[in-house]
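The structure displayed is predicted, hence computed values, not measured ones.
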Amino acid sequence: MKIASWNVNSLKVRMPHLTEWLAEARPDVVALQETKLEDAKFPVDELAAAGYRAVFSGQKTYNGVALLARADLKGEFEDVVTDIPKLDDPQRRILAATIGGVRVVDLYVVNGKAVGDEKYAYKLDWLAKMREFLAAEIERYPQLVVLGDFNIAPDDRDVYDPVAWGEDILCSPPEREALKHITDLGLHDSFRLFEAGGEHFSWWDYRQGAFRRNMGLRIDLILIGEALKSAATAAAIDRTPRRWERPSDHTPVTVDLDI
DNA sequence: ATGGTAGGTATCCTA
């Protein structure tokens, strides 16, 4: 089973890229973030024509998450969750479902804007409540995959210039500790099971030719539970769509599981 | 320290 995550930064704009990439990469399950679409406008029919079923939790203009599954993957999306318990939040940032025997939790983690900003406090509170939700999920569903745009670079290898970036937003110690608190539940950063080096990024700012100069961060992660660790056969970042015309600022990340 | 670009919506907010 190939599982992917991609922050598409507007599904309306990125549909041609998504369908092209689905045809080339043939993932079984895909988690999308920043769809920026109300549910009534989700392109169900176009994705069905591309061979994928979908569940989604969206809103106009901002945020929005979706899960896609290949039509030939057996079973339906089950036990769908769109809200974190104990967090009354209108922002559509989480979508969990069971599909093909795997529990998949798609996250669009709060950006936070800047350390000390009120959005930063919201980010840390969101992460703390997410951790509690995931602690319960991993008990209920051992075959757990938590993936998405985490808006946190786990460590300095995941930053193009860690000295310049310092402890700014996406790299501050409290954010990294919040992420570690989540991985300490028994979730492994699948990319790091296969690649220990730096210079592997999943997001590059649109400005200043950042992609061309590989000035990026690795903030899109696929975490897998202990029960799936031995099943992982590969993990990758596919930079191809980032080179296409009018790209998302993020590129897809994938993991292959022998299940 | 600032501002650079992109998307959606409305001429600003978010990233």
Side-chain angles (χ1 to χ4, degrees), chain A residues 5-21 30-43 46-47 56-66 87 89-95 106-127 130 147-154 158-172 174-176 178-179 201-221 237 239-253:
Chain A
S5 176
W6 193 2
N7 179 324
V8 291
N9 187 18
S10 170
L11 186 55
K12 181 182 173 186
V13 171
R14 227 64 65 196
M15 267 304 278
H17 283 199
L18 177 61
T19 53
E20 175 75 19
W21 188 75
V30 185
L32 302 177
Q33 305 88 36
E34 284 206 88
T35 55
K36 301 185 177 181
L37 280 179
E38 296 171 278
D39 289 349
K41 295 186 175 177
F42 196 87
E46 284 173 78
L47 285 164
F56 34 88
S57 179
Q59 65 184 100
K60 194 160 77 170
T61 310
Y62 304 118
N63 309 310
V65 283
L87 183 67
D89 189 358
Q91 300 192 25
R92 301 294 81 196
R93 296 180 175 276
I94 172 179
L95 181 59
D106 178 13
L107 305 182
Y108 174 47
V109 176
V110 178
N111 174 287
K113 189 173 181 178
V115 175
D117 192 276
E118 63 181 21
K119 292 190 178 73
Y120 181 75
Y122 164 53
K123 180 177 196 173
L124 294 179
D125 180 58
W126 193 95
L127 286 164
M130 174 56 62
L147 74 175
D149 177 359
F150 281 72
N151 269 317
I152 301 170
D158 304 309
V159 183
Y160 69 94
D161 186 347
V163 174
W165 202 281
E167 298 186 349
D168 284 353
I169 195 70
L170 315 185
C171 294
S172 73
E175 292 168 84
R176 286 177 165 173
L179 177 58
F201 308 128
S202 65
W203 169 83
W204 301 260
D205 199 292
Y206 283 120
R207 297 166 282 198
Q208 300 172 318
F211 179 65
R212 180 175 48 78
R213 300 154 71 190
N214 199 27
M215 296 169 68
L217 301 179
R218 192 177 67 92
I219 56 178
D220 298 273
L221 311 176
I237 301 172
R239 305 201 309 185
T240 309
R242 190 62 175 80
R243 299 189 190 98
W244 293 342
E245 191 179 342
R246 205 180 179 192
S248 168
D249 45 351
H250 297 250
T251 212
V253 299

Closest of B:dG3, B:dT5, B:dT9 to the A:Tyr206 side chain is B:dT5
Under 4.0 angstrom between A:Arg93 side-chain N/O and B:dA15 OP1 or OP2: yes
note: A:Asp205, atom CG; B:dT14, atom C1'; distance rounded to Å ~ 13 Å
Rounded to whole Å, CE of A:Met15 lies from P of B:dG7 at a distance of 16 Å
Regarding A:Asp125 and A:Tyr120, is there a side-chain donor-to-acceptor distance under 3.5 Å anywhere?
-> no
**OP:** Could you tell me how the ring of A:Trp21 sits relative to the ring of A:Trp6: parallel (under 30°), tilted (30 to 60°) or perpendicular (over 60°)?
**Re:** perpendicular
Tested for side-chain contact (heavy atoms from CB on, under 4.5 Å) against A:Leu217, the lone hit among A:Ile152, A:Leu170, A:Asp205, A:Asn151 is A:Leu170
Separation of B:dA6 atom P from A:Lys36 atom NZ, nearest Å, is 13 Å
Among B:dA15, B:dG3, B:dG7, the one nearest any side-chain atom of A:Tyr108 is B:dA15
task: Examine B:dG7: is either OP1 or OP2 under 4.0 Å from a nitrogen or oxygen in the side chain of A:Lys12? Give yes or no.
output: no
Rounded to whole Å, NZ of A:Lys60 lies from P of B:dC13 at a distance of 17 Å
Atom OH of A:Tyr62 and atom P of B:dA10 are separated, to the nearest Å, by 9 Å
note: A:Met215, atom CE; B:dG4, atom C1'; distance rounded to Å ~ 11 Å
Q) Quick one: do the A:Glu34 and A:Asn7 side chains pair a donor with an acceptor below 3.5 Å? A) yes
Check your understanding: A:Arg207 side chain N/O closer than 4.0 Å to the phosphate oxygens (OP1, OP2) of B:dA15?
Key -> no
Assign each of A:Gln208 and A:Asp249 the nucleotide of DNA chain B bearing its closest heavy atom; nearer the 5' end lies the nucleotide of A:Gln208
Check your understanding: Using atom P of each nucleotide, how far apart are B:dT9 and B:dG4 to the nearest Å?
Key -> 24 Å
note: A:Glu38, atom CD; B:dG8, atom C1'; distance rounded to Å ~ 12 Å
Requested in this report: Take atom P in B:dT2 and the same atom in B:dA6, then report the distance between them in whole Å.
Outcome: 23 Å
Heavy-atom nearest nucleotide on DNA chain B taken for A:Glu34 and for A:Asn9; more 5' hit belongs to A:Asn9
A:Arg246 atom CZ is separated from B:dT5 atom P, nearest whole Å, by 16 Å
**Asked** When we call it a touch if two heavy atoms are under 4.0 Å apart, what does A:Lys113 touch: a base, just sugar-phosphate, or nothing?
**Response** nothing
Note to self: Could you tell me if A:Asn63 and A:Arg93 have a donor-acceptor pair between their side chains, going purely by distance under 3.5 Å?
What the structure shows: yes
I'd like the P distance from B:dC13 over to B:dA1, given in whole Å. 23 Å
